[in-house]
Amino acid sequence: MFVSLPSRRKPSLRWATPALLGLLWLAFLWAAMQPDRARLLQEWGALSGGLTSLPAWLADLQDGSVLRLFTALFLHADWAHLLGNLVFLLIFGMPAERTMGPWRFLVLFLLGGAVANLAAVLTIGAPDRVVIGASGAVSAVIGAYLALFPTAKLGVVLPLGLFLEFVKAPASLLIGIWALLQVVFAYTGPAFGAVAWSAHIAGFLFGVVFALFVRAAIARRLRKRQGY
């Protein structure tokens with residue numbers, strides 16, 4: 001279990017990450033209760049093989065299908081898929097939101113996830129493959145966190161026999177664990193080989209670029225919050 005190490009300053013209200021966690025849960029439960037869940041994923045998930053030309057973009061913009069890049073973020077294949085994203089969104093989302101602010105964090109999550117899904121749509125060879133999940137958006141959050149806090153440490157709770165030991169671990173190490181888990185999930189279980197690596201990479205790179213781009217605005221926000 002990982003926990004964020006809070007700063008000594010009183011943080012501002014962080015509502016975006018809890019709201020996203022709740023929406024992801026509710027969306028999963030709603031989808032699970034639908035009588036034809038497979039059709040639902042097909043209609044709301046992003047589909048590979050499209051958006052490869054200007055006419056395709058214009059057609060999808062006209063009928064609203066381009067919004068699938070966003071709605072796909074709130075659909076998940078199973079509990080393991082959902083919980084993996086929720087855990088790492090909680091770990092890295094809360095401190096990132098505290099620094100960036102809730103609205104900028106929402107833009108990072110939604111736009112980063114859409115860019116990640118677009119990368120999967122464009123790179124998956126087989127047409128009409130359904131791309132779902134918030135993994136690309138979480139990758140964007142992780143990339144932004146690493147860009148904002150390259151030497152940061154997070155608290156790690158280790159079970160040692162009958163006791164729990166609280167230690168500090170570099171965030172880069174936990175990000176490495178996250179990447180390793182992606183490999184494990186990709187090649188085990190019913191989702192064998194079904195992980196869209198291009199989405200993870202694109203989301204991560206988007207998060208890094210986004211954090212560097214808004215770094216000056218974040219600095220102004222922090223100075224204003226401190227009263228100077």
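This structure is a prediction, so every number in the text was calculated from the model and none was measured.
- To the nearest 0.5 Å, the span separating CG on L110 from CG on L69 amounts to 12.0 Å.
- By the 6.0 Å contact criterion, CZ on R37 is enclosed, its count of non-hydrogen atoms from other residues, nucleotides or ligands being greater than 12.
- For the residue pair N117 and A72, the shortest heavy atom distance occurs at ND2-CB, 3.8 Å.
- L20 is listed as a side-chain neighbour of F105, based on a closest heavy-atom distance under 4.5 Å.
- The two residues M94 and R14 make their nearest non-hydrogen contact at O-CD, 3.3 Å.
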Would you mind writing out the side-chain donor-acceptor pairs for residues 202-209 within the sub-3.5 Å range, not counting sequence neighbours?
none

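- Here the side chains of H76 and L24 are in contact, with some heavy-atom distance below 4.5 Å.
- Taken together through direct or relayed side-chain contacts under 4.5 Å among Ile, Leu, Val, Met, Phe, Trp and Tyr, M33 and F74 form parts of separate hydrophobic clusters.
- At a threshold of 4.5 Å between side-chain heavy atoms, the hydrophobic network of Ile, Leu, Val, Met, Phe, Trp and Tyr places L173 and I91 in two separate groups.
- The heavy-atom pair separating L108 from A144 by the smallest distance is CD2-CB, 3.6 Å.
- Put simply, OG1 on T99 and CZ on R215 are 13.5 Å apart, with the number rounded to the nearest 0.5 Å.
- In this structure, W25 and L86 have side chains that are in contact, with non-hydrogen atoms separated by less than 4.5 Å.
- Taking each heavy atom of A116 and G136 in turn, the nearest pair found is CB-CA, 3.5 Å.
- Cluster annotation: L83 and L26 are assigned to distinct hydrophobic clusters (Ile/Leu/Val/Met/Phe/Trp/Tyr, side-chain heavy-atom contacts under 4.5 Å, transitive).
- Taking CE of M100 as the start and OH of Y145 as the end, the distance is 13.0 Å to the nearest 0.5 Å.
- There is a path of hydrophobic side-chain contacts, each under 4.5 Å, that joins L23 to F88.
- Remark: L89 CG to L21 CG distance equals 4.5 Å, nearest 0.5 Å.
- There is a path of hydrophobic side-chain contacts, each under 4.5 Å, that joins F109 to W15.
- Grouped with L47 in one hydrophobic cluster are W30, L40, L41, W44, L75, V130, I132, the linkage being side-chain heavy-atom contacts under 4.5 Å among Ile, Leu, Val, Met, Phe, Trp and Tyr residues.
- To the nearest 0.5 Å, the span separating CG on L90 from CG on N85 amounts to 12.5 Å.
- Note: L29 CG to L82 CG = 8.0 Å, rounded to the nearest 0.5 Å.
- Nearest approach of R68 to Q42, heavy atoms of both residues: NH1-O, 2.8 Å.
- The two residues A16 and E97 make their nearest non-hydrogen contact at N-OE2, 2.8 Å.
- A 4.5 Å side-chain heavy-atom check between T17 and F92 finds every atom pair outside the cut-off.
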